[in-house]
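Below you'll find the structure, written out as structure tokens, and then a few comments.
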Amino acid sequence: MYHYQIVMETNRKMVFSEEISATERADIVTTLLNGICPQEDILKYKRRMRVNAETDCIYPGYFIPPYNGGRKLRLVQGYLPKTNILYANHYELEILRLLVLFAPENQAVQEMVDTSLQRLRNTCFGNSCTQGECFATGICVLRFLTAARPGDLDWIDRLLDPLGEAFLSFGGGQAAVQEGIPLSYLLMAFTDIHNQKTRDFICQKKAWLLDLLRRGWITGKLSNGKISQGDTYNLMGKYIIRNAIGTLPEYEDVSQYRIYTNPDDERCYCDI
């Protein structure tokens, strides 16, 4: 569970533009590398997923998600996955992404990256599968690929194009999840890539995204006084959308658009 918490907190800091010192980055790398699962545990996990443990490429090869009483843990931006394909690949690929960003020259990291990229090439979700949560799993691959192989434009576009097409079809409402795709997770990938194609996608939905930013979103406490765990991620969702909007030339200085929680209604807003 500790490694999962590191991944979640590190991504939160990145989204909120909080400084991560060189010492902290080194500690994160050391901790995550020490968390590589023994191969016997990997094989046992794959057998539990009812795949051929010796030849499987669908499930992770280095990091398997922690046992949480049989309940899945949320993605880095708060979405609760339904399938083990999304759940397990998100966990491994988000760890590998941090390792690539913080220790690109580390030999162990390089070896895991090469092996994992080869694994992903042989998966449906690594090749633009649009069925169920395989589509969302493609976002995990896209974020990892953008960090590990930013020059592999053909593969990036192969994943990006159908995701972008789906994004352009998104409708009204808060849109936490549409078409089986977590909106804010997809926007994290767009912000990572930050090229003309992703800017065009965001620009076409700019008015809709600005409307989402300006709306008041619950930050945890419902009208009945109960806490909604999913809604506690709404504040992070605001930052994610603002960061994506910030890839557009006219909104480059996102820091001037304050995100805050109103004490009167305990909802988060952005004054953009």
Side-chain angles (χ1 to χ4, degrees), residues 1-15 28 32 35-37 41-42 45-46 48-49 51 56-102 109 112-113 115-117 119-148 156 159-160 162-163 166 176-193 229-230 233 236-237 240:
M1 188 68 75
Y2 180 53
H3 301 95
Y4 169 79
Q5 292 170 341
I6 287 176
V7 171
M8 296 295 283
E9 176 60 13
T10 305
N11 273 277
R12 186 200 65 78
K13 287 185 174 183
M14 289 177 167
V15 168
I28 289 170
L32 293 179
I36 297 173
C37 296
D41 290 349
I42 297 287
Y45 178 83
K46 292 187 178 220
R48 195 162 71 247
M49 294 299 105
V51 295
D56 169 71
C57 63
I58 298 296
Y59 292 101
Y62 299 100
F63 300 94
I64 54 177
Y67 180 71
N68 185 42
R71 299 183 301 277
K72 295 179 177 65
L73 297 163
R74 294 179 182 272
L75 306 192
V76 290
Q77 45 61 256
Y79 174 69
L80 187 61
K82 300 176 180 66
T83 63
N84 285 311
I85 287 178
L86 174 56
Y87 181 50
N89 279 282
H90 164 269
Y91 183 70
E92 173 163 275
L93 296 181
E94 288 293 340
I95 288 177
L96 290 175
R97 177 178 176 274
L98 291 181
L99 289 172
V100 167
L101 292 176
F102 294 168
V109 172
M112 286 192 292
V113 166
T115 302
S116 297
L117 288 171
R119 172 177 80 82
L120 295 169
R121 288 184 188 278
N122 294 310
T123 64
C124 62
F125 53 80
N127 289 279
S128 307
C129 178
T130 59
Q131 301 302 307
E133 283 197 330
C134 277
F135 210 3
T137 310
I139 303 174
C140 309
V141 180
L142 185 56
R143 271 172 52 87
F144 169 57
L145 181 61
T146 302
I156 289 173
L159 292 165
L160 179 59
L163 286 165
V177 181
Q178 296 221 7
E179 307 294 330
I181 305 172
L183 169 66
S184 53
Y185 196 38
L186 179 57
L187 288 176
M188 289 174 78
F190 284 0
T191 306
D192 290 341
I193 297 170
Q229 185 184 2
Y233 289 90
M236 184 174 184
I240 291 170

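Fair warning: this is a prediction, and the values are worked out from it, not measured in the lab.
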Between Asp192 and Arg97, what is the shortest heavy-atom contact and its length? OD1-NH2, 3.2 Å
Begin with the C-alpha distance, continue with both residues' side-chain angles, and end with the deciding distance and a verdict on side chain to side chain contact (heavy atoms under 4.5 Å, CB included) for Tyr4 and Ile95. CA-CA 8 Å; Tyr4 169 79; Ile95 288 177; over 6 Å; no
Quick one, Asp56 with Met49, criterion side chain to side chain contact (heavy atoms under 4.5 Å, CB included). Give me CA distance, side-chain angles, the key distance, then yes/no. CA-CA 10 Å; Asp56 169 71; Met49 294 299 105; over 6 Å; no
Under 3.5 Å, is there a donor-acceptor pair between the side chain of Thr115 and the main chain of Met112? no
Which pair of heavy atoms, one from Thr130 and one from Pro162, lies closest together, and at what distance? CG2-CB, 4.3 Å
Heavy atoms of Leu75 and Pro182 approach each other most closely as CD1-CG, 4.4 Å
Could you check if a side-chain atom of Ile85 sits within less than 4.5 angstrom of a side-chain atom of Glu133, using non-hydrogen atoms only? no
Using side-chain heavy atoms (C-beta onward) and a distance below 4.5 Å, is Phe144 in contact with Val100? yes
Could you walk me through whether Tyr185 and Cys140 pass side chain to side chain contact (heavy atoms under 4.5 Å, CB included), step by step? CA-CA 9 Å; Tyr185 196 38; Cys140 309; 3.4 Å; yes
Quick one, Leu145 and Leu120 - any side-chain contact, counting heavy atoms below 4.5 Å? no
Side-chain donor-acceptor contact under 3.5 Å, Asn11 with Arg143: yes
Tyr45 vs Pro65 side-chain heavy atoms within contact, under 4.5 Å: yes
Say you draw a straight line from CD1 of Ile36 to CG of Asp41; how long is it, rounded to the nearest 0.5 Å? 13.0 Å
For the atom pair OH (Tyr87) and NZ (Lys82), what is the distance rounded to the nearest 0.5 Å? 15.0 Å
Provide the closest heavy-atom pair for Ile181 versus Ile139 in the form atom of the first, atom of the second, distance. CG2-CD1, 3.5 Å
Is the backbone of Gly61 close enough, under 3.5 Å, to the side chain of Glu92 for a donor and an acceptor to pair up by distance? yes
Is the backbone of Asn122 close enough, under 3.5 Å, to the side chain of Asn127 for a donor and an acceptor to pair up by distance? no
Could you tell me the separation between the CG atom of Leu86 and the OG1 atom of Thr137, rounded to the nearest 0.5 Å? 4.0 Å
Distance in Å, Lys72 NZ paired with Asn84 CG, rounded so as to fall on 0.5 Å steps: 4.5 Å
Residues Tyr59 and Ala88: closest non-hydrogen pair is CD2-CB, 4.1 Å
Please tell me if the side chains of Tyr91 and Ile64 come closer than 4.5 Å, counting only heavy atoms from C-beta onward. no
Before you tell me yes or no, could you show the steps for Ile58 and Lys46 under side chain to side chain contact (heavy atoms under 4.5 Å, CB included), namely the whole-Å CA-CA distance, both residues' side-chain angles and the distance that decides it to 0.1 Å? CA-CA 9 Å; Ile58 298 296; Lys46 292 187 178 220; over 6 Å; no
OG1/Thr10 to CZ/Phe102 distance, rounded to the nearest 0.5 angstrom? 5.5 Å
Are Val7 and Phe63 close enough that some pair of their side-chain heavy atoms sits under 4.5 Å apart? no
Heavy-atom pair of closest approach, residues Pro66 and Leu73: CG-CD1, 3.6 Å
Indicate yes or no: at least one non-hydrogen side-chain atom of Tyr233 is less than 4.5 angstrom from one of Arg74. yes
Taken to the nearest 0.5 Å, the spacing of Leu142 CG from Met188 CE works out to 12.0 Å
